[in-house]
Chemist: 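Please see the structure below; I have some questions.
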2 protein chains.
Amino acid sequence: MIADLGPIDSATIQTQVYQRLREALFNGALLPGDSVTIRALATRLGTSPMPVREALQRLVAEKALIQLPNRTFRVTPFTTEMFIELMRVRMTVEGMAAAEAARRFSSRVERRLAQHNAAMIRAIERGQADAVMRANRRFHFELYQAADMPQLLDIINGLWLRAGPYLMNAHRSLDDPTIFFRSGVLFHERIMAACAARSPKRAARAIAGDIWHSARFFRRNVGKINAPYPPEREPRTSTAVTSEEGGHHESVR
Amino acid sequence: MIADLGPIDSATIQTQVYQRLREALFNGALLPGDSVTIRALATRLGTSPMPVREALQRLVAEKALIQLPNRTFRVTPFTTEMFIELMRVRMTVEGMAAAEAARRFSSRVERRLAQHNAAMIRAIERGQADAVMRANRRFHFELYQAADMPQLLDIINGLWLRAGPYLMNAHRSLDDPTIFFRSGVLFHERIMAACAARSPKRAARAIAGDIWHSARFFRRNVGKINAPYPPEREPRTSTAVTSEEGGHHESVR
DNA sequence: TCTCGAAAATTGTGATCACAGATCACGATT
DNA sequence: AATCGTGATCTGTGATCACAATTTTCGAGA
């Protein structure tokens with residue numbers, strides 16, 4: 001009955017592994033098609049294979065990774081069609097969250113949204129693409145969180161996790177990411193205006209517009225982002241890169 | 001390069017365990033709040049704890065189970081608020097699927113939908129509640145599958161998995177489930193009409209109506225379905241029922 | 001130079017064991 | 001009779017080992 005504050009509760013190892021992989025996917029540190037192996041990760045993280053196994057299984061459940069007939073793990077690669085489907089789902093799901101956020105809009109989240117967007121503008125001016133993407137993410141989730149629908153937020157998290165390896169790498173394929181980033185800022189302003197006007201429909205439309213607009217930029221580059229093609233065999237498939245393999249990219253750290 | 005058909009590919013044990021638990025949840029064989037333990041399940045299924053561990057972790061990832069601070073597993077219990085949120089999410093997500101299905105509607109799925117609905121009517125007349133729920137499920141997923149959006153279908157599967165323990169048990173709390181079942185049939189006819197008319201908006205509205213209507217029946221009974229309340233302690237919580245405990249219900253078989 | 005095949009290395013899966021934390025059962029103490 | 005403490009039991013977590021399937025490597029044969 002003591003008010004024991006400080007529930008430090010440092011998570012289990014498998015949770016830590018899971019969160020690091022999740023962050024790596026969110027940030028685009030892992031490319032679609034990259035293979036991930038249990039032992040290699042365990043060695044790199046200094047644990048036994050067990051926690052890694054469970055973390056990978058969880059990511060498979062969230063469709064962030066796939067398990068080939070091979071049983072080997074890979075960052076889920078998308079075809080253009082799948083990417084478009086994902087963006088369509090995002091438009092309606094995140095549109096719903098935006099609509100609800102507009103209903104519950106408060107000056108507090110209004111202020112924070114403005115801050116995130118300002119940070120995004122600053123990052124654009126400084127040419128810090130990573131910071132831009134980070135600010136963009138914060139803006140969106142600040143909004144979605146304001147909807148106060150935990151289960152909906154979970155779904156959105158899953159969508160971003162799957163889209164991360166693409167969205168966070170796609171801007172590198174653009175000649176001038178700046179103009180792309182700036183249009184994002186404009187959409188964000190539209191979203192804030194809709195929320196300030198307490199208009200759910202406008203907010204949903206604005207979010208959908210933001211998503212669709214960015215999708216237009218990326219659609220053509222979906223293929224370019226994928227890791228070197230894995231050959232498609234029969235009962236199982238493809239090679240497994242294990243760990244280093246040439247300073248490629250798969251940096252789980 | 002041989003066209004080896006018959007990919008019987010009897011899955012791994014963990015997959016089998018997962019699917020059985022999934023089915024148990026879908027059918028409402030497990031009540032919200034029921035506790036599930038690794039060793040008990042492993043013993044009952046005649047395997048080692050390993051496959052069960054991974055299956056449970058996966059279900060946790062899908063929010064079908066929760067892990068208390070205790071680390072013990074429980075079938076996710078819902079508050080009324082959470083249940084309503086879930087139903088709202090279902091309305092827009094499944095509404096989207098219905099809309100897309102309406103666009104792609106074919107006489108083939110029209111025929112099959114009619115069959116499922118007919119089966120539902122027959123089951124109602126015979127008073128076979130379980131068969132009613134089964135036919136209802138087939139009807140919905142026949143429709144959603146027709147949308148041809150695999151990722152959206154995955155999300156819907158997750159929603160049903162979480163709702164299963166409630167929806168599949170709630171009709172038992174009704175005085176006369178028949179009138180509830182029959183209204184479902186009417187909504188289904190509305191849905192089919194909308195699809196036949198190739199009207200995405202009407203299809204989405206009809207699905208949302210179906211979901212909301214059923215939610216109204218269940219809302220009051222959310223609390224009644226939950227398994228006996230687990231006491232909420234501090235760092236972790238509640239007892240673990242392990243296995244039999246008095247012929248209660250948790251039949252994973 | 002290319003093709004084929006067998007050994008070697010790598011992969012995920014499953015079983016078993018050890019362990020820390022939590023819960024429960026039971027008995028001594030007040 | 002009620003309360004508290006102590007040991008027994010149960011829980012999930014992590015480590016280690018064994019194994020079958022697969023992939024890769026590499027050398028023999030054409």
Chemist: To the nearest angstrom, how far is A/R71 atom CZ from C/dT13 atom C1'?
Modeler: 9 Å

Chemist: Does the pair B/N136 and B/H116 meet the rule for a side chain to side chain donor-acceptor pair (under 3.5 Å), with working shown?
Modeler: CA-CA 7 Å; B/N136 178 62; B/H116 295 316; over 6 Å; no

Chemist: Can you tell me the distance, in whole Å, between the CG atom of A/L65 and the P atom of C/dG12?
Modeler: 11 Å

Chemist: Consider the side chain of B/F73, meaning its heavy atoms from C-beta on, and name the nucleotide among D/dA15, D/dG12, C/dG14 that approaches it most closely.
Modeler: D/dG12

Chemist: Taking only the side-chain heavy atoms of A/P49 (C-beta and beyond), determine which of D/dT13, D/dT16, C/dT13 contains the nearest atom.
Modeler: D/dT16

Chemist: Atom CE of A/M50 to atom P of C/dC19: distance rounded to whole Å?
Modeler: 17 Å

Chemist: Can you measure A/R74 atom CZ to D/dT22 atom P for me and round it to whole angstrom units?
Modeler: 16 Å

Chemist: Heavy atoms from C-beta onward define the side chain here; which of C/dT13, C/dA15, D/dT16 lies closest to that of A/S48?
Modeler: D/dT16

Chemist: Would you indicate what A/E54 reaches in the nucleic acid, counting non-hydrogen atoms under 4.0 angstrom: base, sugar-phosphate, or nothing?
Modeler: nothing

Chemist: Any N or O donor-acceptor pair under 3.5 Å from the base of C/dG14 to the side chain of A/R53?
Modeler: yes

Chemist: Taking the minimum atom-to-atom distance to the side chain of B/Q67, which one of D/dG12, C/dG14, D/dG14 wins?
Modeler: D/dG12

Chemist: Send over the distance from A/I66 CD1 to C/dG12 C1', rounded to a whole Å.
Modeler: 15 Å

Chemist: Quick check on C/dG12: is either OP1 or OP2 less than 4.0 Å from any side-chain nitrogen or oxygen of B/Q14?
Modeler: no

Chemist: Is B/D34 salt-bridged to B/R74, cutoff N-O under 4.0 Å?
Modeler: no

Chemist: Does B/E62 come within less than 4.0 Å of B/R162, counting only side-chain N to carboxylate O?
Modeler: no

Chemist: Considering only side-chain heavy atoms of A/N70, which listed nucleotide, D/dG12, C/dT13, D/dT22, is closest?
Modeler: D/dT22

Chemist: I need the CG-C1' distance between B/L68 and D/dT13, as an integer number of Å.
Modeler: 16 Å

Chemist: Looking at C/dG14, D/dT13, C/dT11, which one has an atom nearest to any side-chain atom of A/T72?
Modeler: C/dT11

Chemist: Which nucleotide in the list C/dG12, C/dG14, D/dA15 gets nearest to the side chain of A/T47?
Modeler: D/dA15

Chemist: Look at the side chain of B/T37 and decide which nucleotide, out of D/dT13, D/dA15, D/dG12, has an atom nearest to it.
Modeler: D/dG12

Chemist: Is it true that B/R58 and B/E54 have a side-chain N and a carboxylate O under 4.0 angstrom from each other?
Modeler: no

Chemist: Could you state the atom-to-atom distance from CD1 of B/I38 to P of D/dT13 in whole Å?
Modeler: 6 Å

Chemist: To the nearest Å, give me how far apart CZ (B/R58) and P (C/dG12) are.
Modeler: 16 Å

Chemist: Using the ring of B/W160 (Phe, Tyr or Trp, six-membered ring only), decide whether B/R90 places NZ or CZ under 6.0 Å from its centre and within 45 degrees of its axis.
Modeler: yes

Chemist: Please confirm whether any donor atom in the side chain of B/R39 sits under 3.5 Å from an acceptor in the base of D/dG12, or the reverse.
Modeler: yes

